[in-house]
Structure formats: structure tokens, C-alpha cells
**Q** 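Structure provided below as C-alpha cells; questions to follow.
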Amino acid sequence: MKLKSLALTAALVASTLGAVLAPSLAQAQAKEQFFPLLVYRTGPYAPNGTPWANGKQDYLKLVNAQGGINGVKVTFEECETGYATDKGVECYERLKGRPGVALFDPQATGITFALTDKVLTDKIPLVTLGYGLAASQDGGVFKWNFPLMGSYWTAADILIQHLGKKEGGMDKLKGKKIALVYHDSPFGKEPIPLLQERAKMNGFELSLIPVTAPGVEQKSAWLQVRQQKPDFVLLWGWGVMNSTALKEAVATGFPREKMYGVWWAGAEPDVKDVGANAKGYNALALNGSGPDNKVIQDIIKQVHDKGQGTGPKDEVGSVLYTRGAIISMLGVEAVRRAQERFGKGKVMTGEQVRWGLENLALDQKKLDALGFAGVMRPVSTSCQDHIGSTWARMETWDGAKWNIAPEWYQADDQIIKPMAKAAADKYATEKKLTRRDAADCQS
Amino acid sequence: MFYRENGQFKSSYRADQQILPIAQDRIAMLVLLLVAFIVVPLGVSDYWMRAILTPFLILSLAALGLNILVGYCGQISLGTGAFMAVGAYAAYNFQVRIDGMPLIASLLLGGLCATVIGVLFGIPSLRIKGLYLAVATLAAQFFTDWAFLRIQWFTNNSSSGSVSVAGLNVFGVPIESPVQKYLFCLAFVVVFALLAKNLVRSAIGREWMAMRDMDVAAAVIGIRPVYAKLTAFAVSSFIVGVAGALWGFIHLGAWEPAAFSIDRSFQLLFMVIIGGLGSIMGSFFGAAFIVLLPLFLNQLPSWLGFSISTALASHLETMIFGALIVFFLIVEPHGLARLWSTAKEKLRLWPFPH
């Protein structure tokens, strides 16, 4: 009976506590630009999500250490999504109302889909660097989405271009068999339309082999690979799926040299467990990495050496960490660009940041000054073009580290632009949106 | 003292058969409804409305549906997520394929499709029961996961497999702002809760409970097991299907099969067990416990001024949440609804318990 009244009290306390659960007390003051950080440090994708999240946060700390954005201090708060769409939506709703909120980077394709409709009414830009909705590169329809630096369509296109080049010409792809081993979610399915288009164009045979999320069970998928004996396997995996795929490739004896991962399958956590067995595996490199880049050195000196770093110091500069830093940098530069038009030293609203993102002009000189020389190529966006850059390189795992080939590839605009436009138009009809006119581009 | 029913005499069968026979209960319910319909939309922030109350209402509705099956009819189901998915995708298809389809109609039609699938997967319940049935309903889960991932037609040939809806409106009134969404869901939940409450009090509800308590005895006194079990599956999956459609349409806006994965099935089963099997109110308690508590635990450290890493906060949330579930189930295996009735009993005798 005593225990029971204890439980009653507990229930009562819980309900009253629930009643006072007010939206966060810590409201930011003026003169602070708020960066909401949607991350996942738990769950099946945590090994990849963590370095990414660390990089995002550390770069913001670096900006503060260097005096903020023209004197505007940067604040941030993390919210754990666990890669789940409903949790991501909750995080978005929790953080979107903060004063000075700049932009969202949901860090997951599924969450991007759910937020795409919401940012339209809330007027907050959505940056999805290298992931998300491929069609959203068409700024004429997707006013608030920014798949900067690449989408899954550009990634797939570059992979096929590379295969063609390796075979000695695109016409040599005719009759070849290419298998796409993909994460069975919007993330993995997104490249399929482009690959089908390319298959029609270049005459190769495309076979689709889905792997159920999160991807730890791939025996049947690799059995299919074994039966079909494809010439190449494209690996569209994320998190634990990548290392599992490599292990299965070892087990089935599929040569790792013929495996090509997307840029989300080309980081250290993907190959570390497989180590030397993964030697020869290739992946796309969206960005450079390594501890020697200037921006990474700056982070080590001005953040980590002062004891304010996020995560372990020896992971600073890894592939996904650097990508996180790039995402934050692009956000910060968008705010800086917006300040040039709307007033230096002021806190920008979501709409103003959107203008900044739409008018990014990061040339090589600016990148060098920011410390991103050799990490990425210039990004320049416009009202119609929300992607800014479609360049990527290939990298190969030598058993101990990633080696990036020097040659850059650019996705073929002649294929991607019409596809993106058609998909965007379809989206616009479904949602009863109209294309933005010239006047809207000036806003 | 607070809850004494002295002097409340019932002089007719009607009065005796009211849902809330005690005056205090009636007042409390009236106040609760007034608060929910008027005070909350006026005084609660958008975040609360959109990210906490709306999902709470929708999941309460789903738990309510599941409770009819598991709590009232004793048929354990692990396929709730599947029936939600059927509701959501069916409603989506009605919405996009038929021009000018009213929103409420497509939601209810989604529920009807879920009913059909629910009855189909309920047929094994005529031969197997308990854990075996749970495994059979699990098949529904895997089947729908497969179907909605693979069969392009269901997703209107969306290349990524993700579908979305926009421009929702009821009789020309848009359902877009947090308040509108909240009130829309609230109206659904209130109507369905009332219907469910009356169903379980009626002859069919008593048949379900008889099946649950002892199916052989129930059959002996003339209850048809086929009819009782399949109606329970039908009613349950209808409500669950509508809840699924609301989850997709109103809460998420865009979704993929992962939104209705097996985790969702487990989550709803836990809600029913923790809230109280065989109790309409328990479904709401369970949903509140499962939806609100993790959010609260997640944000508690920052309110108390601790700064801990996101990952640690998330792990702590899971651990404390798990411990609380165990604690409540040890202390009160009949769930929070039973705690509530114990509390009412205590208030009735207060301050002189005997």
C-alpha cells in the first residue's frame, strides 16, 4: 500500500511537472544569431552523425572566438533527433521560435521531406548540403530549400561519369551491369530516377538491390549481387550499413575495387571496422579532409586548445567533421552576405538569411581567407540555382586512410537541370504553387 | 470529501446508465473539455500545440483503438503501426487521386481501408491466441512495410518513396495553423472517444470482454467468437487507421514507411499497457506518459542549469524512462488508469480512510 501511494505521488509530481513544462526559459537576447543544430548522437547512425555534429558546433565556436559575424555573436543549441522524422519535427518546432534563428540543417533526408512544407510558412531556410530533395535545387519552386554543393542526382551522375571514364569513354558503358545497393528509404531511393535516365542514355543495365534500414542485415542483398555478377556496385548507404556492406563484400568475394560509394559512404567510420579488407573501395569525396587544412588548424588552436572543443580532438578534421564545418561556414557566410545588404552588425531574420543563401558568392579568394583552400570548390548560388556547385572528387581507401584523387568532376547540367525542373514543376502542381517571378527573386 | 456522492440518487435507468453517473465527474469532464477547446488554443504556445499536444492527441487516438483490441478483447496485436500506415497511405491515395475529395472523407475512407486490412489479418485470431497471435499480426507489420516501400502505385510514383500532402481544408477552412490542427485533431479524438466508450458499454463491448476473460465460456453462453473477434479487429483498426491518417496528414505533412515502423507498434502497445488495459481513459494516460515524459526528461537538465552533452541527455532520457516503466508496472500492473481510480477512491474517503 505504501508503495502504491508512493506511485500515486510520483504520478502526481510527474503530471504537475508536465504542466509547468514551458517552452524553454533560456531566451536569447538581441544581437545574437541563433543556429539550431539538429543532430543525432544516438541510434544506428550515431557513428557518422557524431563527427558531423561536432564539426558543425566547433566551427560556430570558432566564429565566436574570432569575434562573431561582424560583431554579432553566434549562439546554438543541439537537439537530438535520432534520425527519426517525428523527433526531428519536434526539434524543429522547439527551436524555430528562438529569436534570431538563422537556418535549419536537419541532417536527415526523411526530416528534410517533412520540413520542406513547414519552412514555407515559417520562412526559415533549410540547408541540406549534399543530401535531401534533389529537385529542390530549382530555386524557382523551392524558395526555402538549399541543397548546397550537391544532391543525390549530382552524386549519381558523377559516379557514372567516373565509371565511364575509367572504362575509357561513356560509350564503353554499353551493356555493362551496374547494381545499386541502397538504403531502403527516401535517402537511398532518391538517386534512382537519375540512374535510370543515365541507363537509358548510356545503355548500361541497372539493377536495384534494396537493403532494409538500418542496414545490418544484408545477406540477401549480397546474394543477389553474387547471382547477378554486376560490373560495378554503387553503394548508397549511411551509418552502419556501409561497414556491413563492405564486410559482406569481403564474405561474398566481390572485389572492393568495383564498389563505389556515395559521399555519405566515404568517411572513416564506414571503413574503420573493415580496415585493410576494405582496401581499394572507392567513394565520392564532397570535401577534402585531414588535420592539415587551415580551418581545421584554426579550430584546433582557437577552440580545442582552449578546452572548448566538441568531441575527441583526434577526430577533428575527419571527413564528416570537415563537412560539418563546411555546413556551418556556409550558414555563417550566408548571414554575412545578408548583412551586406540589410545592415552590418545586425541580427538577420530567416528571410534575410534566405537572401544571403541565394546570393552566396564564395570565390576561391574568399575560401582561402576562411581557411577552406583545398577543402572545397567555390560556391555561387542564384535565385534559380540553389545548389551553387556540383563538383566532387573520387577517393580510395588504401587500408589505413582515404586518398583523394586530384581530378574534379562536375555533374552534367544538361541531364540534371531538365530533370530537376520537371520534378519541381510536378511538385508545384501537386502543392498548387506558382513559380517565382523576377520580382520575387529580388526579395 | 471532494468526491462524495451522498445525496445523488438515481431514479431512472437512464440516470443509472450515464457515462458519468457522478456529478463531480460530469463537472470535471465539462471543465476539461472547456479547457481543451477554449483555454488551450488561447493560452498555449505554438510549440506546445504543434509539437506536443497534436501528437499526443493523435497517439491517444491510436492507443484508444489498440486498447479496444488488446484491452477489451484480449487479442494481442503488434501490427498497430501497419494499420496506421494503411490508414495514412489509403487516405493519401484518396486525396491525390480523386479531385476535390473532402479531407474528412478521405481520412475516414483511410480508416475503412485499415478496417479491411485489419479484419484480414484478424482472421488468424480465430485459431490462435496470445503470443502466437502477436506474431501473426507482426506479419501485417512486415507486409505493409514491404508494400509501401516497393509498390510504387501506393506512393503515387514518388521517386523517393516519400509522400506529402498540402493545402488541407475542411469546408473551405484551411487546416494549417497550429491551433487549427490541434482543434481538428481534438474534435476527432473527442468524437471517437465518445463512440468507443459507448461501444465498450454496449452488448458488443460485453461480448469482447467475455471473449477476453474466457473464450470457451463465452462461446458456451452463446457469443459467436468469429463475430466478436472480427468486430474488435474491425473497430480497432478503423480507429487506428484514422489515427494513422491524422499522423501523416496533420502532424508530419510528409512521411515515409519508417514513420509507421515496428517501433510505432511497440510504442503504442506500451502506451496501452502502461495506461491501463481495458480503459478508455488509460489510453490517454499512456499516451501522455510516453509522449510527454521523454520530452520532459530530455529538457530537464537544461532547465536545471546542467549542461550535459546531447548524447548523454538522450541516453539518460532512455534509461530513466525505462526505469519508470518498470517502476510503474511493478507498483501498479493495471496501469495508470488504475492509479487514477485508486486516487479517486482515496479522495472519496478523505480525510478519514478506513
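Quick note: numbers below take in every heavy atom, side chains included, and nothing from hydrogens, waters or symmetry partners. In the text below, chain A, chain B and the rest are named by the order of the sequence lines, each starting its count at 1.
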**Q** Dump the intermediate steps for salt bridge (charged side-chain N to carboxylate O under 4.0 Å, His left out) on Asp86(A) and Arg264(B), then the final yes or no.
**A** CA-CA 11 Å; Asp86(A) 54 337; Arg264(B) 184 76 59 216; 3.0 Å; yes
**Q** Within this structure, what is the CG-CG distance for the pair Leu252(B) and Asp117(A), rounded to the nearest 0.5 Å?
**A**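 So the CG of Leu252(B) and the CG of Asp117(A) are separated by 11.0 Å.
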**Q** Would a 4.5 Å heavy-atom cut-off, applied to side chains only, mark Ile52(B) and Glu93(A) as touching?
**A**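 In short, these two side chains do not touch, never coming nearer than 4.5 Å.
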**Q** Looking at CZ of Arg41(A) and OG of Ser309(B), how far apart are the two atoms once the value is rounded to the nearest 0.5 Å?
**A** 6.5 Å
**Q** Tell me, side chain or backbone of Val165(B) under 4.5 Å from chain A's heavy atoms, or both, or neither?
**A** backbone
**Q** Enter the distance from Asn298(B):CG to Cys91(A):SG here, rounded to the nearest 0.5 Å.
**A** 7.5 Å
**Q** Would you name the heavy atoms of Gly110(A) and Glu256(B) that are closest together and state the gap between them?
**A**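 It is CA-OE2, 3.2 Å.
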**Q** If you count heavy-atom pairs under 4.5 Å with chain B, which of Ile192(A), Thr42(A), Leu133(A) comes out on top?
**A** Thr42(A)
**Q** With side-chain contact (heavy atoms from CB on, under 4.5 Å) as the criterion, how do Lys189(A) and Leu149(B) come out once you've worked through the C-alpha distance, each side chain's angles and the decisive distance to 0.1 Å?
**A** CA-CA 10 Å; Lys189(A) 285 183 185 170; Leu149(B) 278 172; 3.6 Å; yes
**Q** For a side-chain contact (heavy atoms from CB on, under 4.5 Å) with Arg50(B), tell me which candidate from Glu90(A), Arg94(A), Lys96(A) qualifies.
**A** Lys96(A)
**Q** Considering only heavy atoms and a distance below 4.5 Å, find which of Glu430(A), Lys432(A), Lys118(A), Lys87(A) pairs most often with chain B.
**A** Lys118(A)
**Q** Which atoms of Ala114(A) come close to chain B, meaning under 4.5 Å heavy atom to heavy atom: side chain ones, backbone ones, both, or neither?
**A**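 Both backbone and side chain of Ala114(A) come within 4.5 Å of chain B.
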**Q** Which of the residues Ser158(B), Pro257(B), Ser162(B) is involved in the greatest number of heavy-atom pairs with chain A at under 4.5 angstrom?
**A**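 Most heavy-atom pairs under 4.5 Å with chain A: Ser162(B).
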**Q** Counting only non-hydrogen atoms closer than 4.5 Å, does Asp46(B) touch chain A with its backbone (N, CA, C, O), its side chain (CB onward), both, or neither?
**A** neither
**Q** Under a 4.5 Å heavy-atom cutoff, which of Gly253(B), Ser164(B), Ala259(B) has the most pairs with chain A?
**A** Ser164(B)
**Q** Counting only heavy atoms closer than 4.5 Å, note whether Trp146(B) contacts chain A via side chain, backbone, both or neither.
**A** neither
